[in-house]
Amino acid sequence: MTDWRTLSLVGGVLLLLGAATGLIQFLKRRLDVSVDPAIVETFRLRVRAWWILFSVLVVAFFVPTWVTVLLFMIISFWVLREFITLTPTRPSDHRTLFFVFFVFTPLQYALVGVKYYGLYSVVIPVYAFLIIPAAVALAGDTKRFLERTAKIQVGLLICVYCLSYTPALLTLRPTPSQNAATEHEGDIAAEAAGKDLSPPEDNLLDAGGRKRLLFFFVLIVQLSDAMQYLWAQIPRRHVIVPSINPSRTWEGLLGGTATVTLLGAVLWWATPFRGADWWMAGVMSGIISLMCFAGGLTMSAIKRDRGVKDYGTLVTGHGGLLDRIDSICFAAPVFFHCTRWWLVLNGYIQPIP
Amino acid sequence: MRGYAGGRGMDTNLLRNFLALFARLLSGASVRWIDSQPDTCQRVYFANHTSHLDALVIWSSLPQEVRMLTRPVAAKDYWTAGRIRRYLAYQVFNAILIDRTEIKVHQSPVEMMIREIAHESSLIVFPEGGRGDGREIGEFKSGLYYLCKKRPDLELIPVHIDNMNRILPRGEVLPVPLLTCITFGPPLWLEAREAKLDFLARAREAVKRLKEL
């Protein structure tokens, strides 16, 4: 992480967090100001969660890819247990659940770890999708069969499959035959040899570039959540789905998405979307913002149905881990595939024949 | 080191702490003490019983100094089948094993428990006698009453274990790592001249009430 792009991106985020922590300290000292202490407390907890999240991401710049993949596997494991705990299953689902936890979860991350894109993109939506109902049927209990099967499938899909696309961003490599030297210092030499496919500064997806892509993605997700929350605070409110979440408004969605699109475009220099396509960074950020909204709303709907406010009790009273990362789960696969699609279109990655 | 009838070495201690940590990770237990505090005084923890791991998760959710003094009461036929189980029962959990197949007058489980705990250990018991399906708490067996009749000074702590039946249901070998919740309730005692059935119903109600909290 010695290049200026990484240093500026990470340094900028850490400076912002430092400023936020300073602001909180200031607000706590001056209790006479007309700020609701409850809002300050919510903000403080949020900033603390961000410190943890971004510290982990900074560490990810220094460790090998497989460590990051392993970390996300542990997170998947934890959120899946939060999800299944809240989902009523029957005793006859026990063996299926065992498979889901101890076979499909490690398998998905192992495939991401070895960068086997052709298999990790289908192993859960195709193979697990078919094996789960078959395993439930094998147990011989037909009561609410389709409902039980669907719940296990959805849990596996959201908590494991979707989340695994976040570390999968680290595996987006240019196809070697196209761009053999991208990995190494010999970049300039390769360009000199006449690889005109490469734009002028072609460290788009070297190890640092991939880690920056992951950092950028998580940053935009967090900004989306924050901006949608901020925009929802303006007085004229048009609530989108009052029966699910009264704090999600059209103002929040549209204002938040517009703001995040602008912010993403301004950060184009930190992403692989450089050169003539710099505006793609903004478009991708807008897509991330929409998916964050979809994720938050969907997970809220599931929670309303189960009659709970939060998943799990990781820290009593602070909601579960799944509440924190539901937007990441929804945005990750879409961002991954859109980015990959752009890379294929621009000739960095060979499409699978 | 008082309270150690079983193995004493460093290894056993290490294994104890490791197993307690492992059980807490596996069960993801959130532990709640409602109107109640962990204490090293002599107590009887009584809980609903839905899984073989119940005693382990209660034992592991106690603070270390309390855990060292607390002995689960378990079925001899299950815990002496195989070397590992026997080692765990005798050396690690320091369990009091009850022979369910031949309960004699002079070798009654209650006598045995009273003798074993002397004036320092606490007990973990499951008064339902066997494992239930996790939906309803079964009727309590009378052992708890006779135990209190002989030792009315023991504090009875109701414990409710939620979700454990989903982690390891009856007849399954492989556990699934879901989240459990262990709730410790306020202590109760056997009242003077309280009838057996009234007392057992009151104790059962105390466990059931914790489920709703």
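In what follows, chains are A, B, ... by sequence order, proteins preceding strands, each numbered from 1.
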message: I need the single residue from B/I167, B/L179, B/T180 that forms a side-chain contact (heavy atoms from CB on, under 4.5 Å) with A/T85. Which is it?
response: B/L179
task: List the atom of B/P177, the atom of A/R81, and the distance in Å for their closest heavy-atom pair.
output: O-NE, 2.9 Å
- line: Scanning both residues in full, the closest heavy-atom pair of B/R166 with A/T87 reads NH2-O, 2.8 Å
[atom1]/[X]: more than 12 non-hydrogen atoms of other groups inside 6.0 Å:
{"X": "A/W66", "atom1": "CH2", "value": "no"}
{"X": "A/Y127", "atom1": "OH", "value": "no"}
{"X": "A/F99", "atom1": "CZ", "value": "no"}
{"X": "B/R202", "atom1": "CZ", "value": "yes"}
{"X": "B/I84", "atom1": "CD1", "value": "no"}

message: Just verifying a value: how many Å separate B/L168 CG and A/F98 CZ, rounded to the nearest 0.5 Å?
response: 11.0 Å
message: Does any backbone or side-chain atom of A/F101 lie under 4.5 Å from a heavy atom of chain B? Answer side chain, backbone, both or neither.
response: side chain
